[in-house]
Amino acid sequence: MQEKYLPQDVERTIQQKWAVTGAFRARDDDARPRYYCLSMFPYPSGKLHMGHVRNYTIGDVLARYHAMRGFNVMQPMGWDAFGLPAENAAIANGVPPAAWTYANIDHMRAQLQALGFAIDWSRELATCKPDYYRWEQWLFTRLFEKGVIYKKMATVNWDPVDQTVLANEQVIDGRGWRSGALVEKRDIPMYFFRITRYADELLAGLDTLPGWPERVKTMQANWIGRSTGVRLAFKTPGSDELLWVFTTRADTLMGVTFVAVAAEHPLAARAAAENPALAAFIDECKQGSVAEADMATMEKKGMDTGLKVIHPISGEVIPVWVSNYVLMSYGEGAVMAVPAHDERDFGFARQYGLPIRQVIDARESSGVLRQAIADTRRNRALSAEEAEFAESFAEHASEFTDRAWQDWYASKEGVCINSGKYDGLGYEAAVDAIAADLAARGLGEKKTQFRLRDWGISRQRYWGCPIPIVHCATCGDVPVPAAQLPVVLPEDVVPDGSGNPLNKRADFVNCPCPRCGKPARRETDTMDTFVESSWYYARYACPDLADGMLDARADKWLPVDQYIGGIEHAILHLLYARFFHKLMRDEGLVASDEPFTNLLTQGMVVADTYYREEASGKKTWINPADVEVKDGVALLKADGRPVVVGGTEKMSKSKNNGVDPQALIDRYGADTARLFTMFAAPPEQSLEWSDAGVEGAHRFLKRLWKTVYEHLQGGRAPSPQPSPLKGEGANDAQSAPQAINDLRRQLHQTIQKVGDDIERRKQFNTAIAAVMELMNALAKLEGGDATTRSVRQEVLEAVVALLAPIVPHIAEALYAELKPGATLTWPVVDAAALVQDEIELMLQVNGKLRGAVRVAAAADKVAIEAAALASEAAQKYLEGRPPKKIVVVPGRLVNLVA
RNA sequence: GCCCGGGUGGCGGAAUCGGUAGACGCAGCGGAUUCAAAAUCCGCCGCCGCAAGGUGUGGGGGUUCGAGUCCCCCCCCGGGCACCA
């Protein structure tokens, strides 16, 4: 055995051994229980960043742990290879996206291999390869024929200078990222997946996923946004036409003071025909990006159309306004505005001097007021501000000050007022009564509405999976027949940033119509890259299948037992993948309803961002590795001049703040990199990157190596003894020294804890800490007698096994020295070693910690109370008076309440 | 703006079911070893205080014998918002 720990040597040797034995091959015909462990595949952006290392180490720890416990483990890897960054690189460097992508894949694969992940590389796939996307196209044509995919108009960001569609990310402050031109909204035809047809099932399915984090399920449920409300109509004077709106607050119908419609609403267009000012306003609304965040934060603007509608119950005449805060894509593209009880309506009404009518009495539900009332009841004096507020609320609520308003606007708790016959009704009763009255007049009904919209997948981009449709003047949109698939994307193209280069490729565009044979045009839009990532997990089961999308092997491996990926995918990717699984199920391709049984959402690895701004306003992002921070000033290492500090953000290509883990691996080895990332923070929490602490992880591994080396200098000791351990040369009645029994108890407690931390809690930092504590305790154990050496051997064997999922190279090398020829398996807890005779309880007096008492482990409440009362602390703090009450928490503490 | 998380020493974090706040590690300080340094080993290390003791988990209030943990209000930071992946 080498005296010194040389990670590079160890890792090279062990990795070669794994390669030779095919250690990570997942067998389709293995009868043992399977464990399909999947980490989200990376976008091949160039090199691994710390987020990848973290993600894949978590997956690897779980995969290796389960392998040690006897599971047939599959851990595959692939490449989410289509996407925008490849086109950006092409624009910047003139390299074809295909060549750039393949080069990146080769480099990143080598990095993953250097990290020693237990990946079955025989299942590797890349989504940009025709043998992968062919089946995506095949499924597309099937779904198109079924009507699950359809075509309609949709709004995109249009850069009028570059003459191209922009991604939301490419719109910065309402301008195109390259041209700087003001972005416009433009309507173009797109293909849509009818995900809304599955909305109910996607929502209900969340309840069948106990292995998913609650927060992810909540986010998805809110995203789907099922709401029951009322769809109701306002009549137009002098015509049969109806203006429909959807509302979840029909109980506030009597408080409607205006109706607001989206700029794209047909009614607005009609009014604008005779009103140039209105037409100009509608045009103005078309400026800016389509991103919802932008829509929601922009200044609310509106204009009176001059049109009037009639309130369906009161018959009142109500003005119709056009406003940019109403979205055409949600509900009916029109809302009934109740300024007293909706925040946006309220703001709008105040801005334009529209009337506000309170129709819900909800003062008790006010948070601020509730607190004030509670304080008053406790006779706490209110602050001047609170008192003033409470008073103004009580007396002048109807004056609609901004603050007072906030205290009733959104509540469903109050009862109707100022609402005629509905006065006094609560939320549900009022909605029911109003819906019934509307139904009787044919002006409304209860309706379930979803926030979720159909999934538009057309992208006006080159580097993506071609949409397999041919446009024929005679036959219309014709799906490409299965025999003619795949529609292959030419790989020799270099985009220049002005539109989709496929349009300029006659050899791609021109083709005969598959139906009538006449000359036709191929669709040049490609698919959203979320489509590829929605089914890759299934393809890993049969990546070599040449004549179908999936075969029977899919159900052998699916659903995925453990899925691991960034929290940033909590909604979109995970919802689309769940949706796709149901589409594949309904095509008979898989049997299960959900793709991922257990989900671990790792927190983001974040890092500081730095940039320099050019005169044009364009920002150049600078990698933190190239920046030096001195006395709070950030300087570029290259030129020593300052750069702007942009805040801490998710590591990303676009902000260029990824930290390259390669330096870490080169210097300390993969095991140190893995140990440190697992030790730095629990997986679900975000991790602010810093290099400090890596040394500590490396030191620990060196110490472990040295401890094993020194122990083995005296030869291997025999296997662990059965409990209870006997002392050396002692007779049967005499037990081993206390120190040895204590260490063995700690050892078996640690085995228990580490297994629980990995398997149930999925918290590896505490598992590592427990092993470190055990090693610290071992270091204090002295002596070279047979019993001591045997326990030392037992501890070291266990420590190496417990760490093996995290630091597999060093673990395997040390295990081979400790137990030649043996295979690493998970250590077994010796229950007898855990037994304790005496325990220490904390002693509190009036809830304050005042000391401790030692009692027998089996002591009952009476004995514990007696011991507590007899203690020094009790004498001192009770001053002779008997306690009023004694609280005993078994195994923990005793509290004397005086 | 809306939805979802988070906030604990100088730093990363621990405290799993309401029961010893700060495990483990980093940094720092002191010591041993060394010609010296690195490496290594030992010890100290929330804050105030000489001490006794007090105080302390973003801020304010509450429930409880007992609150980092539960409830109410507020502040700050991160993620997502449908064309970044």
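By convention in this document, chain letters (A, B, ...) are assigned in the order of the sequence lines, proteins followed by strands, and residues within each chain are numbered from 1.
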Considering every strand and a 4.0 Å limit on heavy-atom distances, what is the contact class for [X]: base, sugar-phosphate, or nothing?
X: A/V165; answer: base
X: A/K753; answer: base
X: A/E773; answer: sugar-phosphate
X: A/G456; answer: sugar-phosphate
X: A/R453; answer: base
X: A/T218; answer: sugar-phosphate
X: A/S45; answer: nothing
X: A/Q460; answer: base
X: A/P42; answer: nothing
X: A/N765; answer: sugar-phosphate
X: A/D756; answer: base
X: A/F530; answer: base
X: A/A779; answer: nothing
X: A/E684; answer: nothing

Rounded to the nearest Å, what distance is computed from the [atom1] atom of residue [X] to the [atom2] atom of nucleotide [N]?
X: A/M775; N: B/C41; atom1: CE; atom2: C1'; answer: 14 Å
X: A/L572; N: B/A85; atom1: CG; atom2: P; answer: 11 Å
X: A/L774; N: B/C24; atom1: CG; atom2: C1'; answer: 13 Å
X: A/W79; N: B/A85; atom1: CH2; atom2: C1'; answer: 14 Å
X: A/D757; N: B/G13; atom1: CG; atom2: P; answer: 17 Å
X: A/E865; N: B/C65; atom1: CD; atom2: C1'; answer: 13 Å
X: A/Q220; N: B/C4; atom1: CD; atom2: P; answer: 14 Å
X: A/N88; N: B/C83; atom1: CG; atom2: P; answer: 17 Å

Could you give me the CA-CA distance, side-chain angles and deciding distance for A/Y709 and A/Y5, then say whether ring pair (Phe, Tyr, Trp, His ring centres under 6.0 Å) is met? CA-CA 10 Å; A/Y709 175 82; A/Y5 170 48; over 10 Å; no
Under the 3.5 Å Watson-Crick or G-U criterion, the dot-bracket string of RNA chain B, with | for inter-strand pairs: (((((((..(((......[....))).(((((.......))))).(((....)))..(((((..]....))))))))))))....
About how many Å separate OH of A/Y462 and CD of A/E87, when rounded to the nearest 0.5 Å?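 The CD atom of A/E87 sits 8.0 Å away from the OH atom of A/Y462.
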For [N], does OP1 or OP2 lie under 4.0 Å from any side-chain N or O of [X]?
X: A/K848; N: B/U55; answer: yes
X: A/Q685; N: B/U8; answer: no
X: A/N222; N: B/C4; answer: yes
X: A/R761; N: B/A15; answer: yes
X: A/K876; N: B/G53; answer: yes
X: A/R703; N: B/C41; answer: yes
X: A/R699; N: B/C26; answer: yes
X: A/N168; N: B/A82; answer: yes

Option from A/V156, A/N157, A/N500 for which side chain to side chain contact (heavy atoms under 4.5 Å, CB included) with A/V165 holds: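 Of the listed options, the one satisfying the test is A/V156.
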Please name the residue in the list A/D162, A/L166, A/T164 that meets the side chain to side chain contact (heavy atoms under 4.5 Å, CB included) test with A/R178.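 Per the side chain to side chain contact (heavy atoms under 4.5 Å, CB included) rule, the option paired with A/R178 is A/D162, out of A/D162, A/L166, A/T164.
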Return the orientation label for the A/H573 and A/F530 ring planes: parallel under 30°, perpendicular over 60°, tilted otherwise.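 A/H573 vs A/F530 ring planes: parallel.
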Is the ring pair A/Y563/A/Y536 parallel, tilted or perpendicular, if the boundaries are 30 and 60 degrees?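 Plane angle between 30° and 60°, so tilted.
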Report yes if some heavy atom in the side chain of A/R892 is under 4.5 Å from a heavy atom in the side chain of A/M842; otherwise report no.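 Not in contact.
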Using a 4.5 Å cut-off on heavy atoms from C-beta on, say whether the side chain of A/E872 contacts that of A/V853.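 SC-SC contact between A/V853 and A/E872 ruled out.
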Would you kindly compare A/A296 and A/Q844 by the position of their nearest RNA chain B nucleotide and give the one closer to the 5′ end?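 Nearest-nucleotide comparison on RNA chain B picks A/A296.
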Nearest nucleotide by nearest heavy atom, which residue falls closer to the 5' end of RNA chain B, A/M604 or A/W223?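 Going by which nucleotide is closer to the 5' end, it is A/M604.
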Could you work out which one of B/C24, B/C83, B/C65 sits closest to the side chain of A/N895?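 For A/N895, the side-chain atoms sit closest to B/C65.
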Which heavy atom of A/Y56 sits nearest a heavy atom of A/M40, and at what distance?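 So the two residues come closest at OH-O, 2.7 Å.
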B/U20 base / A/R892 side chain donor-acceptor hit below 3.5 Å: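 Answer no: no donor N or O sits under 3.5 Å from an acceptor.
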B/G43 to B/C17 separation - P atoms, rounded to the nearest Å: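 Looking at atom P only, B/G43 and B/C17 are 33 Å apart.
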Do A/F193 and A/F580 have ring centroids that are under 6.0 Å from one another?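 Between A/F580 and A/F193, the centre distance is under 6.0 Å.
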